[in-house]
2 protein chains.
Amino acid sequence: MNLKELADALGLSQTTVSRALNGYPEVSEGTRARVLNAARSFNYRPSTGARNLATGRSMAMRHIVPLSARHDMMNVIFSEFMSGTGEVYAEHGYDMIVSFVPKDKELQAYRDAVARGSVDGFMIHGPTRDDPRLPLLAELGVPFVVHGRSTGYNVPYAWLDVNNRRAIERATTYLIGLGHRRIGLVNGPEHMDFALRRREGYLTALASAGITADDALMTAGDLTEPQGYNAAQRMLGLSNPPTAFVASAILPTLGIRRAVEGRKLEVGRDISVICYDDKVSTLPNGDTAEPMFTAARSSVRDAGRRCAEILIDCINNPHLPLRQELWEAELILGGSTAVAKKEPTR
Amino acid sequence: MNLKELADALGLSQTTVSRALNGYPEVSEGTRARVLNAARSFNYRPSTGARNLATGRSMAMRHIVPLSARHDMMNVIFSEFMSGTGEVYAEHGYDMIVSFVPKDKELQAYRDAVARGSVDGFMIHGPTRDDPRLPLLAELGVPFVVHGRSTGYNVPYAWLDVNNRRAIERATTYLIGLGHRRIGLVNGPEHMDFALRRREGYLTALASAGITADDALMTAGDLTEPQGYNAAQRMLGLSNPPTAFVASAILPTLGIRRAVEGRKLEVGRDISVICYDDKVSTLPNGDTAEPMFTAARSSVRDAGRRCAEILIDCINNPHLPLRQELWEAELILGGSTAVAKKEPTR
DNA sequence: TTGAAAGCGGTACCAT
DNA sequence: ATGGTACCGCTTTCAA
């Protein structure tokens, strides 16, 4: 059933039917009701292709995900973020298109999508330092929102970020306040902007307390359970091991716990751990009143929702200033931190 | 730059240019080269909307994800599967559209997408027993592939499934062979077809060994770390506790390990554990030669890739018989299983 | 308040 | 081998 057939069935013109359907004011209430009724009973839906062509808008947002060998991006956090954006898109009638492209074709994929007119806006995931996508998108003149920021690119753009630096600085300072001086860092991949900022936060906290940073206590990787395990294993085996850890996600924190317990030590008694908790539904930080781990927490799903709202706003109001939001993470107390013991635990 | 402008720039007709671009044979090699060249230098791409309208095809596959309260679906496994499908779609020029819809609007979303002509095929995730989506899709007459199967719906349809029943039966039988008679089951949500089949496999293995199933040793839930922890805590507290566990995913298995270690017991010595391992890149089952857990293993990403191929094949060859593939999981030996001790460990 | 008709940017049939 | 042109289904301007 297309518009013409619907109009014929009603004995009206396509124009009137289209107007009635799209809520234009110049249609009499009587006809509007008739049209809406008929449309419902025939289960009529306007063809997206045709509407696309006629309006020049695609009603679709695109998320381009590079297929890197290790699939850095397509992880738990990414999908949680996406489901936040997807909810909001759906509420506003937008489709979400997800493109997986080989890393070396990534930039071209943005160009292509714009040239084909298949997209109204882009959501940018996982910005790196000096991310090459941002200048490209600015050049293409298409709306986009970045989840995070890109150190080194200083032209204004729309973004939403958590204050990663501050969150980890607070977490580290808290551990220092408990008497810890040897604190291990298990970070995410440090070409990613968020991981860089977290590292800065960690270093700032140490510096403020007059503690010299030790390369042996810092590691960066892909935030898996084994990453945490391996890092903790190595660090706990040092002649001067850490008494506490800061980890960039729950998964490596589970690995840290495994390493700690493997040495007959206990998290929250012998070894303190704080992690960054993105509040991923499948990886809850415990499910009781007291969280499993003390954590810096913020919701990626909420971030996704808000990013989508910002993107839609960019499209609807192209001349408003670009939105930039910095969210603060909260520090929540769990069972994984305690005052440092006087004697190093070995 | 559109087709007309490109044709004008070349001094050719739109027809010829279109033919050259789409690989039609009746174009001289000279003109084809010229056209291809010009298209490249102008960075010309055909408008998706226009092509959509003209061909009646959208070159897009849709994944509809219900927004259930607990977000059953948007989990680690789901995104791993999606990235498999997405890769293949991209290789074949298809877009992947992901729609998040409230559960009560799910079926309507399929109808809508078909009525708008915005999709060439659907990928169906997480089928349940008597899944209502399958008869609907059959009625709509649109190509679709199911990842899994739906017990109770017996009309032929295209699917790819892992032999969940057999995999868990083998795993359970293996534990029984090691001397375990009290085996706990930590399963996924049992309205899902895969979870039902796994339970059947578990029960079959027990029955074959003459072991009476015990409701207190079976639990179903959302496959999170706390689910495994809580289930194991409860079961290990029974007067007649299990000496082994079968778990439906890595995450709850990590929780089981936590509960076991919390009782000063050791996995792989005091308590045996086998889990189902979907080979999710962010949740590897260890990263060394020996897997952390003994496991029934199959790759969701590969399943995603294959499902996408099948879907594309359905579209290209609508009259071929529907493909149905049953994959066997492999049972891999890790460090989490051992011969049962004579005395129950408490 | 309603209708006619000109696009939107391609594809593909029918001529030449 | 190349070109003219009628669609595809909708939106939107202009006219009535």
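Just so it is clear, the values below take in all heavy atoms, side chains as well, and ignore hydrogens, waters and symmetry mates. Here is the naming used below: chain letters follow the sequence lines, and residue numbers restart at 1 for every chain.
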Among [options], find the nucleotide with the atom closest to the side chain of [X].
| X | options | result |
| --- | --- | --- |
| A/Q14 | C/dA12, D/dT11, C/dT1 | D/dT11 |
| B/S47 | C/dG9, D/dG3, C/dG7 | C/dG9 |
| A/N22 | D/dT11, D/dT2, C/dG10 | D/dT11 |
| B/A50 | C/dA4, D/dT2, C/dG10 | C/dG10 |
| A/T55 | D/dT11, D/dG9, C/dA12 | D/dT11 |
| B/N2 | C/dG10, D/dT2, D/dT11 | C/dG10 |
| A/T16 | D/dC10, D/dT2, C/dT2 | C/dT2 |

- Rounded to the nearest 0.5 Å, what's the gap from CG on B/N52 to CZ on A/R51? Could you check? 13.5 Å

- Using only side-chain N and O atoms of B/T15, determine if any of them is under 4.0 Å from OP1 or OP2 of D/dT5. no

Calculate the interatomic distance between [X] atom [atom1] and [N] atom [atom2]; express it in whole Å.
| X | N | atom1 | atom2 | answer |
| --- | --- | --- | --- | --- |
| B/Y24 | D/dG3 | OH | P | 17 Å |
| B/R19 | C/dG10 | CZ | P | 16 Å |
| A/N52 | C/dG10 | CG | P | 12 Å |
| B/K4 | D/dG4 | NZ | C1' | 13 Å |
| A/R51 | D/dG9 | CZ | P | 15 Å |

Salt bridge present between [X] and [Y] (N-O < 4.0 angstrom):
| X | Y | answer |
| --- | --- | --- |
| B/R323 | B/E309 | no |
| A/D302 | A/R306 | no |
| A/K105 | A/D112 | no |

- Task: Select base, sugar-phosphate, or nothing to describe what B/S28 touches, counting heavy atoms under 4.0 Å on all strands.
- Result: sugar-phosphate

